[in-house]
Amino acid sequence: MSSSAIATSKVAAPAHACLRNDLVVTPPTDDSAVQRYHLYDPTSDLGFELGKAEYCLALLFDGQSSHTDIMAAALARHRMKVSPEKLMQFERKLLSLNLLSSEHTAHKNNLRDPATGITYGPLKEHLLINLVKTNPQPLLDYLYRWAPWCCRTSFNVSLLVLALASFIYLGMHFDAFLADVGATYVHSYRWLIWHFPVIVTSIALHELGHAMACRHYGVKVNDFGIGIYVLLATGWVRPVQKEWSQLPLNQRVVTILAGPMVSLMYAGAGIALWALYRDAQGAFASLFVVMVVASFISLIPTLLPIFNGDTYLAIIECLEQPRLRQRAFNYVRRSRRAAQDPVSPQLRRLYWSTFVLTCLGWVIAWCFTAFTVIRLFNHP
């Protein structure tokens, strides 16, 4: 068979690979100078960029159409004339980046999406409600131009000192605060009015702290989200992984700490408002109590290493073990197989300790959540 005949048969053959439908796609904004689509792979925690023409062409890989059909569709729908050689070269590129899959949706249920805030969270697809999911980069650029001082060390240290002073005040008047907490959460249902608005605001500011720190260090953020998972509010910020990995460790640590620092400042603001208006009456009297309590509640998941929060991120950054939990669970699942890539004793101990402590933490967290819900609904 001649080479031309071989090329023709390859073009006519079905392109069984299709563009993965689990990729998180962030389209370019209308005012973006470069019209590029960002594709985030939740299985590898990596991001890729495709131009508009490349993305439109990638969408034509549906697992059923032949290369000839794809070329015809590209010409008819997008007025793109693609040669067989260029098409197969582009297909090889997508395959090497793992953006195409021959399994279509078969692998989707095995994903561990860090955007849930709880890796391997049960029934994540059904229980996670996205409230906000957007590309925040234009807003971050605007805020940074308008208020660059908000990222200065002196400004943030001053606010943190004031927040710590408010905590000292709270300790000095803790009995009075506990009485107001009881009046708000035990003897009435007024806290329900404020709980989710306050805690979602706290999480939004927390994630904005991370995002603004990324902007300060020149790292682009391609995804900003807030969601509700069961009764827990969760949030996430996804920087461009290539730019993030190039930051020095100290700047990554500062970026990780920026979120909890903003949450502490938010709690400090709640304490200050409670101190000023604690003798007030009505629904607003409970608002400032909820600001303090809810802001601390929202800090708990991100400080517990069993969640994909700031403590977990700090651990994997310091250990230089990206996606440690996912790799640990994959290692344990494969541990019964005879043939397996050799792992050093130190890494083996790290994987097993991560697996055991994570499972134990999940059991405790879910039992505590169930106990809290039962007590809440059985309260007279």
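Nothing here was measured: the structure is a model prediction, and the numbers come from that model.
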Between [Y] and [X], is there a side-chain heavy-atom distance shorter than 4.5 Å?
{"X": "Leu324", "Y": "Tyr351", "answer": "yes"}
{"X": "Leu60", "Y": "Arg77", "answer": "yes"}
{"X": "Leu87", "Y": "Phe61", "answer": "yes"}
{"X": "Leu100", "Y": "Arg20", "answer": "no"}
{"X": "Asn222", "Y": "Gln137", "answer": "no"}
{"X": "Arg252", "Y": "Leu247", "answer": "yes"}
{"X": "Tyr217", "Y": "Thr255", "answer": "yes"}
{"X": "Val289", "Y": "Trp194", "answer": "no"}

Taking [X] for its side chain and [Y] for its backbone only, find out whether a donor-acceptor pair lies under 3.5 Å.
{"X": "His206", "Y": "Gly259", "result": "yes"}
{"X": "Asn156", "Y": "Cys150", "result": "yes"}
{"X": "Thr184", "Y": "Val181", "result": "no"}
{"X": "His210", "Y": "Ala258", "result": "no"}
{"X": "Ser202", "Y": "Val198", "result": "no"}
{"X": "Glu243", "Y": "Lys220", "result": "yes"}
{"X": "Gln89", "Y": "Lys86", "result": "no"}
{"X": "Thr302", "Y": "Asp310", "result": "yes"}
{"X": "Ser353", "Y": "Leu350", "result": "yes"}

Considering non-hydrogen atoms only, spot the tightest contact between [X] and [Y] and give its length.
{"X": "Tyr266", "Y": "Leu205", "result": "CD1-CD1, 3.5 Å"}
{"X": "Pro305", "Y": "Ile315", "result": "CB-CD1, 4.0 Å"}
{"X": "Phe167", "Y": "Leu264", "result": "CZ-O, 3.6 Å"}
{"X": "Cys214", "Y": "Val221", "result": "CB-CG2, 3.7 Å"}
{"X": "Phe90", "Y": "Ala58", "result": "CE2-N, 3.9 Å"}
{"X": "Gly361", "Y": "Ile306", "result": "O-CD1, 3.3 Å"}

Quick check for you: to the nearest 0.5 Å, what is the distance between Thr134 atom OG1 and Leu139 atom CG?
8.5 Å

For Phe174, does the CZ atom sit with more than 12 other heavy atoms under 6.0 Å from it, leaving out its own atoms?
no

Give a yes-or-no answer on whether the side chains of Tyr331 and Arg348 include a donor-acceptor pair shorter than 3.5 Å.
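Note: Tyr331 and Arg348 side chains meet the donor-acceptor criterion.
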
Looking only at side-chain N and O atoms, does Gln251 offer a donor or acceptor that is under 3.5 Å from a partner on His216?
no

Cluster overlap [X] with [Y], hydrophobic side-chain contacts below 4.5 Å:
{"X": "Leu299", "Y": "Ile271", "answer": "yes"}
{"X": "Leu357", "Y": "Trp352", "answer": "no"}
{"X": "Ile297", "Y": "Leu131", "answer": "yes"}
{"X": "Phe296", "Y": "Met172", "answer": "no"}
{"X": "Met291", "Y": "Ile168", "answer": "no"}

Below 30° counts as parallel, above 60° as perpendicular, anything between as tilted: where do the rings of [X] and [Y] land?
{"X": "Tyr55", "Y": "Tyr37", "value": "parallel"}
{"X": "Phe329", "Y": "Trp362", "value": "tilted"}
{"X": "Trp149", "Y": "Trp146", "value": "tilted"}

Residue of the set Trp274, Tyr277, Trp191 for which ring pair (Phe, Tyr, Trp, His ring centres under 6.0 Å) holds with Phe288
Tyr277

